[in-house]
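Data block below; observations after.
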Amino acid sequence: MRNEQATKLIFDLSQPGRRATRFPQADVPVKPLSEYLPADQLAEEPPPLPEVTEADVVRHFVNLSQLNMSVDTHFYPLGSCTMKYNPKRHERWAKLPGIGDLHPYLSEDRIQGMLAILYEMQEMLGEIAGLPAVSLQPAAGAQGELTALLTAAAYFQDKGEDRKKVLFPASAHGTNPASAAIAGFDCVQLNSTKDGLVDMEELKENIDEQTAVFMITNPNTVGLFEKEIAEISRLMHEAGGLVYIDGANMNAILGITRPGDFGGDMMHYNVHKTFTGPHGAGGPGSGPIAVRDFLGPFLPGPILTKSEDADGNPRYSLTDPEKSIGRVRSFFGNVGILLRGYFYLRTLGPKGVREVSETAVLNANYLLAKLKDVLPVPNGDRCMHEFVASAKTLQKEKGISAMDIGKRLLDFGFHAPTVYFPLVVAEALMIEPTETESRATLDAFADAIRQIVEEEPDFLHQAPHSTMHSRPDDVAAARKPVLKWSAQ
Amino acid sequence: MSYIFTTPEQQQEMLQEIGVNSIEELFASIPPELRFQGELDLQPAKCELELEQEIAGRAKQNQAGSGLTCFLGGGVYDHFIPSVVDEISSRGEYYTAYTPYQAEASQGSLQVFFEYQTLICQLTGMDVSNASLYEGGTAITEAALMAMRVTRRSKKVAVLKSVHPEYREVLKTYLKLQGAELVEIGTADGTADLEDVKAALDEETAALVIQNPNFYGNLEQVHELAEAAHEKEALLICSVDPLSLGVLKRPGDMGVDIVTAEGQPLGIPMQYGGPFLGILACRQEYMRKMPGRVIGTTNDRLGAPCFVLNLQAREQHIRRDKATSNICTNQGLLALRATIYMTSIGPQGLKEVGELCCQKAHYAAEKLTAVDGYELAFDRPFFKEFVLRCPVSAKDVIDRAAESGLGLGPKLSQFEEEIGSETENLLLVAVTEKRTREEIDSLAEVLANGISERMLAQHA
Ligand SMILES: Cc1ncc(COP(=O)(O)O)c(C=O)c1O
């Protein structure tokens with residue numbers, strides 16, 4: 001089905017004089033703008049934005065939407081991203097008048113309802129983490145990492161210690177080292193063992209009085225629980241360092257074990273993953289952090305505190321922690337996403353929250369069991385909420401790569417798993433089904449992969465075959481970047 | 001509520017297929033002593049109807065919601081949002097997708113972001129834009145870090161004090177551990193003094209950071225500030241109000257090297273401060289030093305043009321600790337909103353919004369300063385927002401106005417970062433295209449009544 005309104009750029013649809021939105025005449029006395037604005041800054045004409053009708057706008061963007069795969073339309077087992085179902089009720093509530101339309105500079109006594117919600121969210125996140133001091137400010141996981149590292153740096157500085165090193169395993173997500181570098185630390189990458197876990201010997205060799213933080217994802221990015229985590233944190237603490245838990249994989253352990261209980265001192269959540277903030281085609285996210293009490297005074301402000309007024313009613317206030325590192329963003333945080341996470345936790349309750357992880361882990365293990373004979377999973381027969389399969393043998397024997405499998409899955413109506421991450425598994429396919437998939441979907445996905453690995457390699461190299469485009473040339477794109485439309 | 005779609009019987013069969021007897025066994029790799037005992041201390045589950053009623057109650061406690069006529073400003077504004085923006089951005093195909101890693105499964109989002117980048121370049125007069133950053137404060141900060149890479153000057157960044165105090169705070173937080181100095185240049189008269197700026201810049205300064213219109217709503221001398229920065233081979237970073245660009249010259253046409261902005265005015269609801277949209281665009285030669293995702297065009301296997309994530313070699317998943325930024329998840333859905341907003345208002349609409357804001361703000365300034373005791377704090381050209389000096393504390397004025405259903409703020413005394421002396425009585429007033437003459441008049445009336453009562457009280 002050809003559809004020009006989708007494939008054409010909005011700029012090609014532009015016709016002078018068209019528009020989709022009108023504004024009223026001024027109802028105040030007007031003067032020429034030159035009386036108000038300096039001549040050297042007054043624009044002669046407005047920017048050359050496209051001129052289209054409302055029907056153009058609607059058809060164009062609705063048609064484009066149909067070129068996407070999404071959780072609402074497809075199974076989306078993108079490992080590490082927790083692409084679970086996004087409940088529609090959250091969307092309605094987040095937009096309610098009095099909730100979605102609050103200006104951030106309204107004074108506290110006029111937004112007690114909102115502050116109460118955010119306070120409760122802070123408390124819930126502290127409880128699930130087993131780490132009581134929480135900042136809701138970070139805009140996404142990566143900013144949560146950075147914020148926690150800045151918090152750690154301030155803590156060490158306060159103690160008069162000069163610690164420059166951040167350690168992380170090779171299986172770490174790229175944001176871990178990138179955040180450490182921005183926070184001004186030296187990055188030391190450690191190898192992982194054959195089993196996909198932290199190499200304890202290498203860790204011991206690298207811990208010294210210079211070590212500030214060990215960053216570790218747990219369950220890790222291979223989908224395994226780091227069972228030496230207590231010993232890791234004992235070693236770190238003995239050397240005076242701190243342990244950071246990248247909480248991207250919290251969906252595996254809600255109510256089962258807590259970062260604070262297994263030795264973590266700080267962690268971030270990805271509310272857009274674990275607590276079903278819709279991923280928005282690449283954000284917004286929300287990356288609140290939870291830390292131990294002794295790190296609380298260094299958190300970015302504002303945080304919420306609760307007290308009682310003279311009549312014994314609760315009163316919520318915004319305060320800055322005593323030795324705060326300062327802000328990491330303007331205003332309070334990605335509140336819209338925090339709200340959706342809050343609604344989720346309130347509709348699930350403690351039992352429901354635990355059931356999420358139990359089912360996520362069940363679904364992942366089920367899929368692993370159904371696939372491992374055709375697609376080897378190097379790190380064992382069991383996993384947490386996700387597993388990493390490897391197309392290494394297929395690649396060697398038949399020339400079928402992880403990419404080929406991922407691309408061909410699109411033809412079956414499944415989004416591809418995360419491919420080529422983590423870096424420690426060759427030809428990695430990282431599969432995270434989440435708890436919100438039915439058994440029928442998991443079966444169909446497994447069947448698709450079983451079929452794909454038997455297909456002709458040449459046919460697979462050219463997959464997908466059913467999408468509008470196939471195998472865009474990334475190399476050509478980067479060689480001569482075209483990053484915007486220009487009039488010919 | 002529960003979002004689990006396998007039945008208990010199916011779960012039993014699945015366990016059998018795995019080869020275990022219980023779900024519990026699947027957690028065997030977690031050492032027993034690390035297991036959480038008991039139940040999390042969370043409130044019991046509520047169903048949809050129950051929680052909706054509770055939230056509606058909470059919303060009512062926010063007396064400030066839709067019942068309040070919003071004159072609040074300071075970086076977040078009550079602008080009109082055309083219905084197409086909400087309708088299209090609530091399509092699940094967009095908002096339940098993720099980062100377009102798989103180009104074939106994401107051509108919709110990729111094209112939208114490519115169009116977004118183009119629109120931002122058209123709007124700002126710059127050559128390249130990324131596909132979004134978190135919000136206005138980190139956008140300025142990422143721009144400063146980028147300027148340090150471009151100029152290879154890692155010691156110093158200069159910023160005007162008329163830049164949003166929270167943006168400056170973010171800048172300070174990030175620069176501290178980079179070991180770079182943040183030189184703050186006073187703006188006591190409401191805008192920068194060129195001589196002060198020249199004195200503060202030197203050969204080690206990577207960038208001069210300004211905001212136009214600035215935090216007070218005033219217009220800086222952008223051309224001259226660009227010259228001053230360029231004289232020392234520093235970059236000029238300017239944070240703009242995107243809705244001012246229908247009436248004000250584009251930063252790219254005034255010598256700005258990196259433009260940033262808070263994109264909230266472009267069709268994004270206020271949402272108590274986020275999620276918003278960090279805009280960053282720059283000149284062509286800095287393209288590869290830019291932070292954040294970018295979308296580019298290429299050809300597919302059959303030679304047909306299509307879109308992909310481009311220049312990924314700058315990003316954290318490839319470059320790790322050498323990346324241009326740590327940002328991963330960005331603000332895609334907000335970039336979509338801004339794209340729909342810009343295409344639906346078009347150039348003429350952008351001009352009209354700008355004109356309406358500017359006219360109404362000046363009308364408001366005239367009406368409010370006609371009230372005894374109220375005056376403009378600065379004698380500077382402004383766009384849609386101005387600082388009012390009140391005869392009483394700004395807090396009192398805010399409270400009094402709120403009683404009449406009028407929202408005012410922020411008061412300048414509430415900011416951590418110093419923004420001038422004697423801020424107690426200073427109040428920011430913003431006027432968007434949504435405010436009517438009647439609303440402005442009633443604000444003036446409230447101020448007038450407030451004061452006379454107060455004076456009576458004092459005389460009594
Ligand atoms: C393991 C891991 N850590 C950190 C991140 C970064 O989180 P965000 O994308 O929210 O910044 C991600 C996700 O993308 C991740 O998978």
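Below, chain A is the first sequence line, B the second, and so on; all start at residue 1. Please read all numbers here as calculations on a predicted model, not as lab measurements.
- Interface remark: A/Val353 contributes side-chain atoms only to the contact with chain B (heavy atom separation under 4.5 Å).
- Ranked by heavy-atom pairs under 4.5 Å with chain A, the first of B/Val112, B/Asp41, B/Ile295 is B/Asp41.
- Take A/Glu127 and apply the side-chain hydrogen bond (donor to acceptor under 3.5 Å, both in side chains) test, not counting sequence neighbours, and it matches no residue.
- Proximity to chain B involves both the backbone and the side chain of A/Phe262, based on heavy atoms less than 4.5 angstrom apart.
- With a 4.5 angstrom heavy-atom cutoff, A/Thr347 touches chain B via backbone and side-chain atoms both.
- Contact annotation for A/Met83: only side-chain heavy atoms (C-beta onward) come within less than 4.5 Å of a heavy atom of chain B.
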Item to complete: Decide yes or no on ring pair (Phe, Tyr, Trp, His ring centres under 6.0 Å) for B/His164 and A/Phe331, but give the supporting numbers first.
Response: CA-CA 11 Å; B/His164 195 303; A/Phe331 314 116; 5.8 Å; yes
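- Interface summary for chain B: among A/Glu45, A/Gln462, A/Lys351, the most heavy-atom pairs under 4.5 angstrom belong to A/Gln462.
- For the residue pair A/His415 and B/Gln102, no side-chain donor N or O sits within less than 3.5 Å of a side-chain acceptor on the partner.
- Interface residue B/Tyr363: only side-chain heavy atoms are found under 4.5 Å from chain A.
- Checking B/Gln11 against B/Thr6 by side-chain atom types alone, a donor-acceptor pair falls below 3.5 Å.
- By the 6.0 Å contact criterion, NZ on A/Lys95 is enclosed, its count of non-hydrogen atoms from other residues, nucleotides or ligands being greater than 12.
- For A/Arg382, the part lying near chain B is the side chain, with the backbone staying farther off; criterion is any non-hydrogen pair under 4.5 Å.
- Side chain of A/Asn334 to main chain of A/Ser286: no donor-acceptor pair is present (N/O by atom type, distance under 3.5 Å, no hydrogens or angles).
- For a residue to count as touching a neighbouring chain, one of its non-hydrogen atoms must lie under 4.5 Å from one of that chain's; by this rule A/Leu368 does not touch chain B.
- There is a side-chain donor-acceptor pair under 3.5 Å between A/Thr73 and A/Ser70.
- For B/Val308, the part lying near chain A is the side chain, with the backbone staying farther off; criterion is any non-hydrogen pair under 4.5 Å.
- Proximity to chain B (any heavy atom under 4.5 Å) is restricted, for A/Arg354, to the side chain, taken from C-beta onward.
- Using a 4.5 Å cut-off between heavy atoms, A/Asn270 does not touch chain B at all.
- Heavy-atom distances place the side chain of A/Leu96, and not its backbone, under 4.5 Å from chain B.
- Using a 4.5 Å cut-off between heavy atoms, B/Asp78 makes no contact with chain A at all.
- Both the backbone and the side chain of A/Thr436 have a heavy atom closer than 4.5 Å to some heavy atom of chain B.
- Among the candidates A/Pro278, A/Ser330, A/Ala476, the residue making the largest number of heavy-atom pairs closer than 4.5 Å to chain B is A/Ser330.
- Of the two parts of B/Thr138, only the side chain, counted from C-beta on, holds a non-hydrogen atom closer than 4.5 Å to a non-hydrogen atom of chain A.
- Heavy-atom pairs under 4.5 Å with chain A peak, among B/Gln117, B/Gln271, B/Gln43, at B/Gln43.
- Both the backbone and the side chain of B/Pro410 have a heavy atom closer than 4.5 Å to some heavy atom of chain A.
- Without hydrogens or angle criteria, A/Gln143 side chain to B/Ile327 main chain gives no donor-acceptor distance under 3.5 Å.
- Contact of B/Arg35 with chain A is made through backbone and side chain together, with heavy-atom distances under 4.5 Å.
- The contact between A/Leu78 and chain B is made entirely by side chain atoms (from C-beta outward), counting heavy-atom distances below 4.5 Å.
- Judged by distance alone, the side chains of A/His60 and B/Glu115 do bring a donor and an acceptor atom under 3.5 Å apart.
- Of the two parts of B/Asn310, only the side chain, counted from C-beta on, holds a non-hydrogen atom closer than 4.5 Å to a non-hydrogen atom of chain A.
- For the pair A/His103 (side chain) and B/Gly409 (backbone), a donor-acceptor distance under 3.5 Å is absent.
- Within the 4.5 angstrom heavy-atom criterion, atoms from both the backbone and the side chain of B/Tyr98 approach chain A.
- Contacts with chain A were tallied for B/Glu48, B/Lys46, B/Glu17; B/Glu48 has the most, counting heavy-atom pairs under 4.5 Å.
- Looking at B/Ile4, both its backbone and its side chain come within 4.5 Å of chain A, counting heavy atoms on both sides.
- For B/Glu355 and B/Lys351, the salt-bridge test passes: some basic side-chain N is under 4.0 Å from an acidic carboxylate O.
- By the side-chain contact (heavy atoms from CB on, under 4.5 Å) test, B/Leu311 pairs with A/Pro481, A/Leu483, B/Met287, B/Arg288, B/Val294, B/Arg314, sequence neighbours left out.
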Worksheet entry | Chi angles and distances behind the salt bridge (Lys or Arg N to Asp or Glu O under 4.0 Å) call for B/Lys249, A/Asp40 | CA-CA 8 Å; B/Lys249 277 209 173 107; A/Asp40 71 341; over 6 Å; no
Worksheet entry | A/Phe61/B/Tyr94 under ring pair (Phe, Tyr, Trp, His ring centres under 6.0 Å): CA gap, chis, key distance, verdict | CA-CA 10 Å; A/Phe61 291 108; B/Tyr94 286 125; 7.3 Å; no
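- Side-chain atoms of B/Gln107 come within 3.5 Å of backbone N or O of B/Ala103 as a donor-acceptor pair.
- Top candidate by heavy-atom pairs under 4.5 Å with chain B, chosen from A/Lys84, A/His272, A/Arg22, is A/His272.
- Here the side chain of A/Thr257 pairs a donor or acceptor atom with the backbone of B/Leu34 at under 3.5 angstrom.
- A donor atom on one side chain and an acceptor atom on the other are found under 3.5 Å apart for A/Ser179 and A/Glu145.
- Ranked by heavy-atom pairs under 4.5 Å with chain A, the first of B/Thr96, B/Thr99, B/Leu302, B/Thr343 is B/Thr96.
- The distance from atom CG of A/Leu106 to atom CE of A/Met114, rounded to the nearest 0.5 Å, is 10.0 Å.
- Contacts between A/Phe421 and chain B at a heavy-atom distance below 4.5 Å are absent for every atom of the residue.
- In this structure, chain A has heavy atoms under 4.5 Å from both the backbone and the side chain of B/Arg320.
- At a 4.5 Å heavy-atom cutoff, the contact between B/Ile23 and chain A is made by side-chain atoms alone.
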Practice prompt. Mind running salt bridge (Lys or Arg N to Asp or Glu O under 4.0 Å) on A/Asp320 and A/Arg327 for me, showing each step along the way?
Written response: CA-CA 10 Å; A/Asp320 281 331; A/Arg327 287 184 161 275; over 6 Å; no
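- Contact count versus chain A (heavy atoms, under 4.5 Å) is highest, among B/Gly349, B/Gly346, B/Ser344, for B/Ser344.
- Of the two parts of B/Glu135, only the side chain, counted from C-beta on, holds a non-hydrogen atom closer than 4.5 Å to a non-hydrogen atom of chain A.
- Only the side chain of B/Ile88 has a heavy atom closer than 4.5 Å to any heavy atom of chain A.
- Contact annotation for B/Glu433: only side-chain heavy atoms (C-beta onward) come within less than 4.5 Å of a heavy atom of chain A.
- If you tally non-hydrogen atom pairs under 4.5 Å between each of A/Gly184, A/Ala183, A/Gly285 and chain B, the highest count goes to A/Ala183.
- The candidate from B/Gly74, B/Gly57, B/Cys70, B/Cys47 with the greatest count of non-hydrogen atom pairs under 4.5 Å with chain A is B/Gly74.
- A/Asn68 and B/Ser109 share a donor-acceptor pair across their side chains, judged by distance under 3.5 Å alone.
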